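Remarks on the structure that follows.
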Amino acid sequence: MAEEASKNLRSFRRSLRFLRPQRRRIVWAVLLSIGQAFTFAAGLGALIPMLQLLLSEEGPRFNLNRTSAEQVWQVKLQAYRPDRHGEFQIEVPFSALIVTELKNDSPLAAAGVRVGDALMLDVAVVDTEATPLRLLEYMATERKMPTFRRLSPASTEADRISPALPHGGYGQELWVNVISALARQLPTENTPAAKRETLFRVFMGLLVVVVGGAFCRFGAQFLVAIVASRSVMDMRRHLYRTVMHLPMTWFGKRLSETMSRAVTDFQDVQKGYVALFGKLTIEPIYVVVMLILALFLDWRITLFVLVAGPIMGGLLGWIGKKIRKANRKLLQGYAYMMSVINATLSGMRVVRAYNNQVHERRRMWRADRRLIEQILKIERLEAASSPALEILGMLVAMGGVMFLAEYVFKGELSPEKFILLIGCLAKLFDSAKKIAEIYPRLARADGAAARIFELMDHPIESTATEYLPPLPPLQRTIEFRDLHYTYPETEQPALAGVTLTIQKGQKVALVGPNGSGKTTVISLLERFLEPQQGGIYFDDRPVAQHRLSSLREQISLVTQDAVVFALTVRENIAYGVSKPDEARLVAAAKQAHAHEFVERLPNGYDTILGEFGATLSGGERQRLALARAIYRNAPIFIFDEATSQIDVDSEKKIHQATTEFMKGRTSLVIAHRIATITDADQIAVFDRGRLVAVGPHEQILNNCELYRKLYQTHAQPL
């Protein structure tokens, strides 16, 4: 099921909805990535004028204008050299250009020009200096009917021709104007001094491009970091909102696993986002830009790109499938390790008391070894993917170089274009390799996202109750009618047909052996659990048909393990209240006999307590929890009387405080010492999920054998 859900990165793609609030930043990151790619391409393109400057006899201005002219007239041209272009019947001036290639749709072909002919500028018409450079500039920029002089190798005189003006469209015209404008910035001469000046200008332009690309790269990376961090934060908040409403049965067995999913799994998802927008955005742009540049230089390179693509895709799919499986096991290993650490640290007193440090170290070592095995498996797959793709890319690149070299040897491709094509080919396959390296990271993120959504999709406490009417304050009775409940993964019912009525203002004690159903009754009343049969009624109103929050607002709860948060004393007592009433807060602390020890703390009520209240004794934690219940001042009071971890003095103070607080309130007490509840209005005796006796102390002491045994065993005077 999990593997099926991970196909095609389904879970990771589902997580992308959390990126929606960051869409503006994503757009800017993509635009900056495009700018980065184009500045890189421009920097790479600067190789041509530099190489022309070093290798070409004509110089960069000549070559830029030739590029424009060839683009406009759909022709290939070379400066005339007697030793290269054969013999003509008449003398050809050095200002002529030789046609080396002519496309069928060229206007020059329509005017009768053939390959091998020489073109010259008709100075009588143009009235300018006759040089190859002037001819190229004229051909690139002239927008009127042009006039040329043509010489054929077999002809004894020059012909005057006026070919139709080419129409390449707005895009071509813009491109030609840009190239021509760049050419005009370069010196006309081809002397060493002019070459140095040209090289300096190229370097200055390249510096501007590099600085612009660096700013684009910084902006893109920083925006990606913001997008990834904030999206993961939103996703974690969504998960935490789900966790806040998970059934209470979930936390009994999966606390450490939940912590692992909320921490470790999100790290993999965040790394996936960074990979997605940090590299999977920029690298494909690099591929496209390099491909466009390569196509502009020579279309034949695309053949080799198309050969490598499907092979790389198949290899990536196989590796990704293996990584997804291994990553799920790795995350489960993190959860198990967290469980081991949590259990050991929480029970450190017992570990040391039993001299069991060696056993716990071995248990941790076994968990760590399982974790390392999965880490190494993933690292092995990721490490193997890059060399395999690199070898494949190298083979294709070598084939491409050999293929293109043939055209250089035949004179059909200039050396500078050949070198630039090699650079494009190298960058193209480097980007393709980086894209391939991203996929394993996305596969890991997909496995983590699958575990996160597995928790998000878990059934939670119904939030639909917030649309139900509020539960009115209790006026007469609380009724438990024929309650049945069996915990998941167990067969023995926790409750089987429990029926109990509690009058408003009564103190009711719940007694019985461990596992008899006392805590389950309280959990059903608070709706931490939902009865599988039967119901709970306030004044004949079923609580299930009213707003859940309105039920819990009527209840103050003190649990067996007094919960103290790592907050200040004030925040613990007025838990959930942003601006507490100071006088009421101190009064609650005094009534719970907590004020006396709070005053002794370093900062009084502003003292930050340790995790789980570790800086307090058991009795102090219980009194602080009682002060919290008193401050809330709810009409119904539930008290799980846990006195096994506190001293006699604290027990007396807690008993005194609860007795005073219960006056006039509807109270349910889970009793562990019978002596503390003999004054209860009713005592409900539970055994194996059934209610076996209800009544005042004296009555059930005479009529219930189980209660009599409990009383004789546990009843001790305070």
Side-chain angles (χ1 to χ4, degrees), residues 48-49 51-126 128-142 145-166 168 176 179-180 183 186 188-190 296-298 406-418:
I48 288 184
L51 290 171
Q52 287 176 345
L53 187 66
L54 298 173
L55 302 176
S56 174
E57 297 176 1
E58 294 87 3
R61 179 162 181 166
F62 180 92
N63 284 289
L64 284 175
N65 280 290
R66 178 167 59 183
T67 300
S68 299
E70 289 176 345
Q71 184 74 15
V72 171
W73 293 94
Q74 298 296 298
V75 67
K76 294 292 183 181
L77 302 169
Q78 288 184 359
Y80 171 71
R81 295 288 184 273
D83 57 336
R84 295 181 186 174
H85 300 114
E87 297 181 356
F88 282 75
Q89 296 295 322
I90 61 174
E91 183 180 358
V92 179
F94 283 97
S95 62
L97 297 174
I98 303 300
V99 178
T100 59
E101 185 179 330
L102 201 62
K103 296 185 179 180
N104 292 332
D105 55 349
S106 171
L108 292 175
V113 177
R114 299 292 178 264
V115 173
D117 288 355
L119 289 180
M120 295 176 293
L121 194 64
D122 193 341
V123 293
V125 176
V126 180
T128 186
E129 182 183 358
T131 65
L133 179 60
R134 295 299 183 191
L135 175 56
L136 290 172
E137 290 177 343
Y138 178 80
M139 294 178 70
T141 58
E142 180 59 39
M145 183 69 73
T147 303
F148 302 110
R149 299 189 69 186
R150 178 181 69 89
L151 282 174
S152 174
S155 176
T156 58
E157 60 181 28
D159 298 330
R160 179 176 292 175
I161 61 171
S162 298
L165 191 69
V176 169
I179 296 297
S180 300
L186 300 177
T188 304
E189 300 82 6
N190 198 27
F296 174 77
L297 295 169
D298 197 293
E406 287 296 320
Y407 290 92
V408 177
F409 300 152
K410 295 176 182 178
E412 299 179 15
L413 190 66
S414 64
E416 59 268 20
K417 284 190 176 182
F418 173 74

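For the single chain, residues carry numbers from 1 onward in sequence order. Predicted, not measured: the structure shown is a model, and the values here were computed from it.
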> Which pair of heavy atoms, one from G112 and one from D117, lies closest together, and at what distance?
Replying inline: O-OD2, 4.2 Å

> Looking only at heavy atoms, what is the nearest atom pair of R66 and Q78, with distance?
Replying inline: NH1-CA, 4.0 Å

>> Please report the interatomic distance CD(E70) to CG(N65), rounded to the nearest 0.5 Å.
In response: 11.0 Å

>> Could you report the tightest heavy-atom contact between T100 and V115, atom names first, then the distance?
In response: O-CG1, 3.6 Å

> Taking all atoms of both residues into account, what is the closest heavy-atom pair of E157 and S155, and its distance?
Replying inline: O-OG, 2.8 Å

>> Could you report the tightest heavy-atom contact between A118 and A96, atom names first, then the distance?
In response: CB-CB, 4.2 Å

>> How close do S106 and Q74 get, counting heavy atoms only, and between which atoms?
In response: CB-O, 3.4 Å

> In a check of side chain to side chain contact (heavy atoms under 4.5 Å, CB included) between V75 and each of L119, L102, L97, which one passes?
Replying inline: L102

> Which pairs count as salt bridge (charged side-chain N to carboxylate O under 4.0 Å, His left out) when at least one residue sits in residues 92-106, sequence neighbours excluded?
Replying inline: none

> Do L77 and M139 come close enough that some side-chain heavy atom pair is under 4.5 Å?
Replying inline: yes

> In Å, rounded to the nearest 0.5 Å, how long is the span from CZ of R160 to CZ of R150?
Replying inline: 14.0 Å

